[in-house]
Amino acid sequence: MHVKQIHLFKLNKEEFVKIQHILQPKINLSPTIPLNSINTCAGVDLAYWEQNGEPYGVCSIIVIDADTKEVIEKVHSMGKISVPYVSGFLAFRELPLIIEAAKKLETEPDVFLFDGNGYLHYNHMGVATHAAFFLGKPTIGIAKTYLKIKGCDFEMPENEVGAYTDIIIDGEVYGRALRTRRDVKPIFLSCGNHIDLESSYQITMSLINQESRLPIPVRLADLETHVLRTFYQKNHG
DNA sequence: GCGACAG
DNA sequence: ATCTTGTCGC
């Protein structure tokens with residue numbers, strides 16, 4: 001798959017904010033493709049560990065068939081991590097490996113689901129949104145915990161599958177607290193890019209099974225990163 | 001000094 | 001994210 005190259009990853013916080021401000025107005029929340037033409041969905045996740053006191057990470061991307069839910073392709077990338085985790089700047093830490101892995105894809109997924117926020121972010125520039133500028137495909141943000149913005153809490157959705165409450169800040173919809181399964185904590189859904197919230201919701205709910213509150217491709221990528229981490233730790237590189 | 005903090 | 005034992009429940 002064709003992925004735009006990057007060239008910007010040893011900057012300071014001010015530079016990161018500048019980049020987010022430049023990209024933010026270019027976010028497009030209109031769907032580029034209709035729901036019924038989505039045939040393949042990719043899940044993206046990373047795992048981390050330390051080796052000789054240095055941080056390493058592995059990124060897994062797993063593509064599944066939207067109908068059968070069968071795995072079509074999986075790729076990964078591994079390497080040293082050079083950017084620390086700072087809330088609000090996750091994309092700068094994770095994008096290098098994400099892009100490296102995406103380049104290896106032979107299939108071109110119709111949509112990417114990320115482990116992290118998209119539009120639900122201080123500058124509407126969570127990792128899912130930011131990644132779309134390199135992937136050029138629709139992206140969706142799936143966070144497991146709530147990122148509080150401007151002191152606004154979320155309203156707990158009803159305990160029913162598919163129940164949700166929108167997260168509205170200063171009159172703008174940032175995302176959605178979504179109960180994907182009963183008796184389980186909600187996830188925090190938001191647009192990444194090139195897609196609207198309702199479509200993101202439909203896609204996400206269509207990818208839920210009994211295994212997890214997370215959509216299947218994200219869950220699979222999560223499991224895969226753990227396997228890969230064990231492998232790379234054992235084989236010291 | 002204290003609390004907050006996607007992954 | 002990661003470090004970690006047991007434990008409750010389908």
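Each chain gets a letter, A, B and so on, in the order its sequence line appears, and its residues count up from 1. In what follows, every heavy atom counts, from backbone to side chain, and hydrogens, waters and symmetry copies are set aside.
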Do the ring centers of A:His124 and A:Tyr174 come within less than 6.0 Å of each other?
-> yes

Nucleic acid footprint by protein, nucleotides 1-7 of chain B - heavy-atom cut-off 4.0 Å, B for base, S for sugar-phosphate alone = ----SBB

Would you mind writing out the side-chain donor-acceptor pairs for residues 58-69 of chain A within the sub-3.5 Å range, not counting sequence neighbours?
| unit_1 | atom_1 | unit_2 | atom_2 | d |
| --- | --- | --- | --- | --- |
| A:Asp65 | OD1 | A:Asp67 | N | 2.7 |
| A:Asp65 | OD1 | A:Thr68 | N | 3.1 |
| A:Thr68 | OG1 | A:Glu70 | N | 3.2 |
| A:Lys69 | NZ | A:Ala66 | O | 2.9 |
| A:Lys69 | NZ | A:Ser206 | O | 3.2 |

Is the backbone of A:Pro186 close enough, under 3.5 Å, to the side chain of A:Arg213 for a donor and an acceptor to pair up by distance?
-> yes

Say whether, by atom type as modelled, one donor and one acceptor occur between the side chain of A:Thr139 and the main chain of A:Phe112 under 3.5 angstrom.
-> no

Tell me yes or no: between the side chains of A:Tyr48 and A:Thr225, is some donor less than 3.5 Å from an acceptor?
-> no

Euclidean distance, atom CZ of residue A:Arg181 to atom C1' of C:dC10 [Å, nearest integer] = 10 Å

Stems formed with participation of DNA chain C [Watson-Crick or G-U wobble, under 3.5 Å, three or more pairs] = none

Residues in residues 196-230 of chain A with a heavy atom under 4.0 Å of DNA chain C, by number, are A:His226, A:Arg229

Is A:Arg229 salt-bridged to A:Glu224, going by a charged N under 4.0 Å from an acidic O?
-> no

Describe, in one word, how the ring planes of A:Phe92 and A:Phe16 are oriented to each other, choosing from parallel (under 30°), tilted (30 to 60°) and perpendicular (over 60°).
-> parallel

Want to know the stems of DNA chain B: at least 3 consecutive Watson-Crick or G-U pairs with distances under 3.5 Å, which are they?
-> none

Establish, for the pair A:Arg93 and A:Tyr85, whether the NZ or CZ atom is under 6.0 angstrom from the six-membered ring centre and no further than 45 degrees off its axis.
-> no

Are any of the side-chain heavy atoms of A:Tyr122 and A:Leu147 separated by less than 4.5 Å?
-> yes

Should the pair A:Trp49 and A:Tyr56 be assigned to parallel (<30°), tilted (30 to 60°) or perpendicular (>60°) ring geometry?
-> parallel

Going by atom types only, do A:Glu155 and A:Tyr164 share a side-chain donor-acceptor pair under 3.5 Å?
-> no

Integer angstrom distance from the P of C:dT4 to that of B:dG3 | 27 Å

Could you work out the separation of C:dG6 and B:dG1 based on their P atoms and round it to a whole Å?
-> 39 Å

For A:Asn159, what residues pass the side chain to side chain contact (heavy atoms under 4.5 Å, CB included) criterion, not counting sequence neighbours?
-> A:Arg179, A:Arg182, A:Asp183

Mind checking whether A:His76 and A:Tyr232 have ring centres under 6.0 Å apart?
-> yes

B:dC2 and C:dT5: how far apart are their C1' atoms, nearest whole angstrom?
-> 32 Å

